[in-house]
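Written out below as structure tokens is the structure these notes cover.
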Amino acid sequence: MGLRICMVTPFAWSQPHPVNEHVDAAAEELRRRGHEVVVLAPSNRAVELAAGRRALRRLGREGVPLEGTVVLGPAIPVSRRSRVGVPLGVRANLELALSADSFDVVHAHEPGMPSLSYLALRHARALTIATFHSPERLAYPPGKLQRERLLARIDALTAVGEPTLAAARKRFPGTYRLLPQGVDQGPVQEGKPRRRFLLEWRADELPRARAALRALRDLPGWELLLLRTKPLAGRPYVPLALRGRVQVRTALDPESRARALEGAAAIVPAQRGLERLALQAQAAGVPLLEPPGSDAQPELIGAAMGRLAENDDWRAKLSEEGRKAVAPESIAALGDELEAIYRSVLGRRRRAQGPSDPLADRPLVLCDLHMHTEHSHDCAVPVETLLDYAEAQGLGAIAITDHNVFAGAQEAGEGARGRELTVIPGEEVKTDAGEVIGLFLEREIPRGMSMGDTIAAIREQNGVVYLPHPFDRLHTIPDAQSLHRHLAEIDVFEVYNARLLFEGFNDEALRFARKYNLTMGAGSDAHVLQGVGTGLVRMRAFDSAEEFLISLRSAEILRRPRSLVYLQGLKWVAQARERRKAAV
């Protein structure tokens with residue numbers, strides 16, 4: 001079954017660019033394999049801008065899905081030196097495309113800098129893949145907070161080329177897969193090639209060009225084509241004696257490069273040239289002339305040209321070796337790798353539960369899944385007082401989740417006997433990667449273990465793994481790698497915590513849970529009585545951990561926020577009283 005894939009590039013589609021070549025090759029190959037691929041990009045071409053506006057208007061007004069390449073707005077410079085932000089109108093168009101359309105995967109290219117790709121990963125509701133292409137663009141220094149927020153939204157990290165892979169691992173730590181370049185395996189050249197050499201021109205590499213021109217003087221009947229593959233690269237000087245045998249041609253796109261390569265005997269690539277040109281040449285059977293040591297001794301290039309001109313067998317050998325070396329970088333190899341990555345990330349999303357509700361005949365109860373008692377180091381609320389207050393507030397169930405202590409949950413369970421209030425015994429455990437709550441526990445779990453070992457300890461008691469305030473960056477939380485690594489082991493994901501300072505942390509958790517179809521929970525995280533019930537779930541009554549999880553699937557999240565300053569002030573007052581008592 002084909003997937004619906006959205007690829008995002010930050011570079012102007014109206015101008016040649018190596019990243020856009022990669023995106024275009026990947027999109028065409030995936031379409032050939034039966035997938036629907038939509039490319040979102042900026043452009044400075046009026047026709048493409050008008051077509052993009054029409055496509056977005058049909059999507060927003062009539063719900064017509066996007067197709068092909070859709071331009072979101074004018075292009076802006078994408079550079080680590082640029083401080084220009086993405087225009088508001090382009091941001092709005094991107095949000096519309098990602099929210100009104102439906103995609104299985106959003107694949108963003110070069111998202112390491114503020115750009116369309118970075119925003120696509122932040123706002124995507126689908127599973128996401130990030131691909132880095134250039135080590136230079138990874139030099140942009142986003143802060144640690146921005147990097148963590150971005151990594152939390154990425155399901156697979158990929159890089160094109162070993163240098164980029166090494167740079168990406170330093171800037172955005174994680175597990176990466178190396179992607180092929182996606183180069184067209186052109187037809188094998190038949191017959192004897194033309195007596196023509198190619199040289200990739202760079203104004204800052206004059207010694208190489210001069211060495212090639214000197215060698216050409218000693219090769220009567222041979223020609224030299226100087227290729228300009230970089231915009232505004234300048235025009236090379238051609239000696240008067242060679243004017244009839246040297247040509248200069250601009251080749252910025254794959255088609256013009258293919259025409260230049262047709263029939264060529266060999267090419268001298270630039271040291272800091274276009275990598276895709278060298279790969280395209282090898283795929284076409286054009287040997288690369290870059291003898292070892294030629295960086296320091298350019299005259300070696302002239303010697304290699306002379307040898308190749310005299311030895312057809314050596315040229316044929318280099319041609320065959322080049323084609324074999326570039327085979328792993330083919331478009332077909334890129335398609336295979338992308339399909340494998342997409343299948344892998346799709347396995348992260350949990351299957352949506354059916355409409356049937358086996359607990360439909362049970363009454364609805366209000367449940368607060370996260371609160372503390374005097375057994376926590378930062379709370380002074382007696383257990384009995386807490387039970388009375390929760391019952392008076394009309395709650396049907398509460399979870400006692402003291403910090404690294406289980407005694408409060410045990411005391412509450414005993415005190416709830418005879419009451420119309422269900423107490424879920426739990427504990428909020430500090431791990432080496434943030435906090436994890438265990439619900440329906442039987443005994444205390446020690447703090448300080450790894451997150452994996454803590455989850456295993458909860459499982460050993462047949463408990464429920466509940467992840468509290470997963471994106472509250474004002475406290476210790478799991479990093480992106482830990483969160484994704486343990487995603488399949490999390491039973492309940494807290495999408496509303498009433499004590500968070502910034503509501504955006506809760507919104508981020510809600511978006512994350514919806515993305516993976518996680519079971520959602522909510523709690524007050526109350527440390528004072530007045531906070532109890534400010535975060536709730538309305539769910540069917542339950543008698544066991546299994547029924548609890550079933551009931552949560554159809555539960556409703558209720559927000560009853562109160563002033564955080566007020567609640568925090570009450571907490572500080574209570575703590576001050578406790579300190580005075582301890583001092584007496």
Side-chain angles (χ1 to χ4, degrees), residues 359 362-376 378-429 435-442 444 458 463-469 491-499 519-552 555-562 567 570-571 574:
L359 304 178
R362 302 281 184 88
L364 290 169
V365 296
L366 296 177
C367 184
D368 187 336
L369 298 178
H370 187 174
M371 64 178 62
H372 300 269
T373 74
E374 61 184 349
H375 291 268
S376 286
D378 55 354
C379 180
V381 179
V383 172
E384 193 70 21
T385 304
L386 177 63
L387 297 177
D388 291 338
Y389 187 85
E391 204 167 29
Q393 293 296 309
L395 302 188
I398 59 173
I400 304 299
T401 56
D402 286 317
H403 294 292
N404 309 302
V405 176
F406 191 60
Q410 290 177 314
E411 183 181 341
E414 295 171 359
R417 292 174 183 172
R419 295 176 181 262
E420 293 185 1
L421 179 68
T422 299
V423 171
I424 302 172
E427 179 188 350
E428 189 169 11
V429 186
E435 293 176 313
V436 177
I437 288 178
L439 300 178
F440 295 93
L441 298 182
E442 300 172 352
E444 185 171 303
I458 296 172
V464 171
V465 179
Y466 180 103
L467 193 66
H469 41 67
D491 296 313
V492 185
F493 200 79
E494 189 174 73
V495 300
Y496 181 68
N497 182 301
R499 282 190 69 244
T519 301
M520 304 181 198
S524 64
D525 198 0
H527 287 66
V528 295
L529 282 178
Q530 291 81 353
V532 173
T534 52
L536 299 167
V537 289
R538 181 186 284 122
M539 58 192 298
R540 297 290 177 182
F542 52 88
D543 295 324
S544 63
E546 292 77 13
E547 289 187 350
F548 170 78
L549 290 175
I550 293 172
S551 180
L552 269 185
E556 178 186 4
I557 305 297
L558 299 180
R559 302 185 179 206
R560 295 179 175 177
R562 300 189 70 175
L567 296 178
L570 292 176
K571 175 183 173 182

Option from [options] for which side-chain contact (heavy atoms from CB on, under 4.5 Å) with [X] holds:
X: M371; options: D525, L386, V528, D402; value: L386
X: S524; options: L536, T534, L369, N497; value: T534
X: V537; options: L552, D368, L558; value: L552

Residue pair [X] / [Y]: nearest heavy atoms and the distance that separates them:
X: C367; Y: I398; result: SG-N, 4.5 Å
X: V423; Y: G413; result: CG1-N, 4.0 Å
X: L467; Y: E435; result: CD1-O, 3.7 Å
X: V495; Y: R559; result: O-NH2, 4.2 Å
X: A498; Y: G535; result: CB-N, 4.1 Å
X: L529; Y: Y389; result: O-CE2, 3.0 Å

Hey, are the side chains of [X] and [Y] touching, using non-hydrogen atoms and a 4.5 Å cut-off?
X: Y466; Y: D491; result: no
X: E428; Y: N404; result: no
X: V532; Y: L395; result: yes
X: T422; Y: F548; result: no
X: I458; Y: L441; result: yes

What I want to find out is whether R499 reaches E494 closely enough, with some N-O distance under 4.0 Å, to be called a salt bridge.
no
Just by distance, do the side chain of [X] and the backbone of [Y] share a donor-acceptor pair under 3.5 Å?
X: E391; Y: E420; value: yes
X: S376; Y: H403; value: yes
X: R540; Y: S551; value: no
X: E427; Y: G438; value: no

Under the side chain to side chain contact (heavy atoms under 4.5 Å, CB included) criterion, do R538 and L366 qualify, and how do the steps go?
CA-CA 5 Å; R538 181 186 284 122; L366 296 177; 4.0 Å; yes
Tell me every residue that passes side-chain hydrogen bond (donor to acceptor under 3.5 Å, both in side chains) with Q393, counting only those two or more places apart in sequence or in another chain.
none
Run the side chain to side chain contact (heavy atoms under 4.5 Å, CB included) check on M520 and V492 step by step: do they pass?
CA-CA 6 Å; M520 304 181 198; V492 185; over 6 Å; no
Kindly compute the distance separating [atom1] ([X]) from [atom2] ([Y]), expressed to the nearest 0.5 Å.
X: L364; Y: E556; atom1: CG; atom2: CD; answer: 9.0 Å
X: I400; Y: L387; atom1: CD1; atom2: CG; answer: 6.5 Å
X: E411; Y: E384; atom1: CD; atom2: CD; answer: 8.0 Å

Could you go through D378 and H527, starting from their C-alpha distance and side-chain angles, then the distance that decides it, and tell me whether this counts as side chain to side chain donor-acceptor pair (under 3.5 Å)?
CA-CA 7 Å; D378 55 354; H527 287 66; 3.2 Å; yes
Give the ring-plane orientation class for H370 versus H469, where under 30° counts as parallel, over 60° as perpendicular and anything between as tilted.
tilted
